[in-house]
Amino acid sequence: MDKLKGFLKYPRREEETITVQERVKNYQEFTHKLSNEELNEQGARCMDCGIPFCHSGCPLGNLIPDFNNAVYKNDWKNALKILHSTNNFPEFTGRLCPAPCESACVLGIIQPPVAIELIEKYIPERGFQEGWITASPPKTRTGKTVAVVGSGPAGLAAAQQLNRAGHTVTVFERDKKVGGLLRYGIPDFKLEKRIIDRRLAILEEEGINFKTDTHVGVNYEIEKLKEYDAIVLCGGATRKRHLPIPGADAKGVVQAMDFLKQNNEVVDGLSEPTEDLHAKDKHVIVIGGGDTGSDCVGTSNRHGAKSVINFEIMPMPSESRTNASPWPYWPFTLKTTSSHEEGVERNWSISTRRFITDDKGKLKSLETIEVEWVKTESGAPRLQEIEGTEKEWPCDLALLALGFTGPENTLSQQLGLEVDTRTNIKAGDNYQTNVPNIFTAGDMRRGQSLIVWAISEGREAARSVDEYLMGKSFLPTKGNGDLPAA
Ligand SMILES: Cc1cc2nc3c(=O)[nH]c(=O)nc-3n(C[C@H](O)[C@H](O)[C@H](O)COP(=O)(O)OP(=O)(O)OC[C@H]3O[C@@H](n4cnc5c(N)ncnc54)[C@H](O)[C@@H]3O)c2cc1C
Ligand code: SF4
């Protein structure tokens, strides 16, 4: 195999998928595995640039050329050690990250970039398969206690780092099971929940305590939380955005997260499906064209919807980079997900005006109008309706995938914490709030974001907590690696 000219010799490979007809029959992941040799070749495509822009494109500072090189050399154990040194959960990011690293890959200027995310997915898979990923509990305990509120990727990363530093860590989660949006937002066809469970087994064996069905400030008193030496708030930002138009309270207008959460619980055997949150034989319209909207499309097709339509208020993005986002920046280009490929009619520059109901208050259609964004005199963009483009669409189920407006603010109020204008909890560069022993990370601090950022913030916050408790910390700073977990 040729590393020197690998980028010229070997084309970028993606995983092939099973047919749409087959995959929509269930909620399982649906890709065919690449062979070991094919993966070695993908590693060989990395040019090991003098200045690896991919490395700074990654919010975790993953040491990308190093693990690519190890995979090229077929040294998977070393690749795992390198990857784990900056990322606690590469099996999540390897499946779900939008991969800003690949947008910053130097090879990407002239060719398809190195398949970094794909390689990142296969490294921990090999690690679990070979039994290299095992619990690594701390040798000694500091006697300090830390409470982590929220068990999404931010909370889990913070907990694992703080436990490694020797603190006694308890994670509080209001839901039945641990995982946050990884478990209750993202469908199984993107992330099978066994992937979360096998990592949780390691975290438990390392000595982290998990308390589920425990809603801090509701069925767990705030005063008890304050007994911990330090607190890390990782409660996410799940206050749903509404669509305040006529008919919004009709039976059949449903929040995307309610729909996705129930489906994930049904797939997990935790609950039974209910008619109002099921798409079978319905004309479904998903309002909102982001990740959540795409997950609703994939789920509706698996339910057996009669038709699936997607609306997005913004114009259709360009298919390739524009001058507004030159390399190595993240390009806002058209994204077609595997769920879109499974069947959906996508509409851009369209705004929903009202939901129309039958005489029993049940949704039967909705009315839209096309829109355009115009510049006002001050230069600010303004949405303008295009007269004469009104249209009525039959619809039995409208899914509102409009994102989140910020964290629910009960915790911040009860703990006396400052928040910003979007109700995100305010913290300094070291993730410390205005109350010295309370820290915050992930969506709860930065607003609705990405898994890679949640893991990155969880790790960074853990280091700050460790410094606060001990006066210094041996936990790593971003991109500098840490104690190998395997
Ligand atoms: C449908 C959907 C699809 C997505 N797809 C992707 C994707 O493909 N790729 C990607 O990178 N990102 C994706 N995201 C975004 C990503 O899931 C989030 O950015 C990430 O999960 C944030 O992590 P977090 O740990 O900050 O918060 P969360 O994952 O939201 O976890 C917060 C946890 O805190 C718990 N909690 C809150 N308050 C309390 C309390 N008072 N007491 C106890 N527990 C509490 C909540 O129950 C929850 O479990 C998606 C989001 C959604 C909704
Ligand atoms: S976590 Fe995301 S940005 Fe970082 S290396 Fe992996 S795919 Fe790239």
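In this text, all values refer to a predicted model and were calculated from it rather than measured experimentally. Each ligand, and each atom within it, is numbered from 1 in the order the structure gives.
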Open item on the list: Please tell me whether W76 and N74 have a donor and an acceptor in their side chains that are separated by less than 3.5 angstrom.
Closed with: yes
Open item on the list: Looking at K121 and E15, is there a salt bridge between them, counting it only when a charged N and a carboxylate O are closer than 4.0 Å?
Closed with: yes
Open item on the list: Both conditions, 6.0 Å and 45 degrees, for the charged tip of R126 above the ring of W132: are they met here?
Closed with: no
Open item on the list: Taking the basic N atoms (NZ, or NE/NH1/NH2) and the acidic carboxylate oxygens, is any pair closer than 4.0 Å for R174 and E408?
Closed with: yes
Open item on the list: With 2.8 Å as the threshold, which protein atoms of type N, O or S lie near atom 4 (Fe) of ligand 2? Leave waters out.
Closed with: C58 SG
What does the contact table look like for ligand 1 (nitrogen or oxygen on each side, cut-off under 3.5 Å)?
residue	atom	partner	partner atom	Å
ligand 1	5 (N)	K190	NZ	3.4
ligand 1	8 (O)	K190	NZ	3.1
ligand 1	9 (N)	L96	O	2.8
ligand 1	11 (O)	I451	N	3.0
ligand 1	19 (O)	D443	OD1	3.2
ligand 1	19 (O)	D443	OD2	3.1
ligand 1	19 (O)	S449	O	3.0
ligand 1	19 (O)	L450	N	3.4
ligand 1	25 (O)	P153	N	3.3
ligand 1	25 (O)	A154	N	3.0
ligand 1	26 (O)	D443	N	2.9
ligand 1	29 (O)	L181	N	3.0
ligand 1	41 (N)	V216	O	3.1
ligand 1	42 (N)	V216	N	3.0
ligand 1	44 (N)	R174	N	3.2
ligand 1	47 (O)	E173	OE2	2.7
ligand 1	47 (O)	R174	NE	2.9
ligand 1	49 (O)	E173	OE1	2.6
ligand 1	49 (O)	E173	OE2	3.1

Task: Ring centers of F439, Y468 separated by less than 6.0 Å - done: yes
Task: E41/K3 salt bridge by N-O under 4.0 Å criterion - done: no
TODO: Scan E125, E192, E91 and name whichever one has a salt bridge (Lys or Arg N to Asp or Glu O under 4.0 Å) with R198.
DONE: E125
Could you list the donor-acceptor pairs under 3.5 angstrom formed between side-chain atoms of residues 106-118 and any protein atom two or more places apart in sequence or on another chain?
residue	atom	partner	partner atom	Å
Q111	OE1	R45	NH2	3.3
Q111	NE2	F7	O	3.2
E117	OE2	C97	N	3.1

TODO: Please name all residues satisfying side chain to side chain contact (heavy atoms under 4.5 Å, CB included) with E467, sequence neighbours left out, ordered by chain then number.
DONE: R463, S473
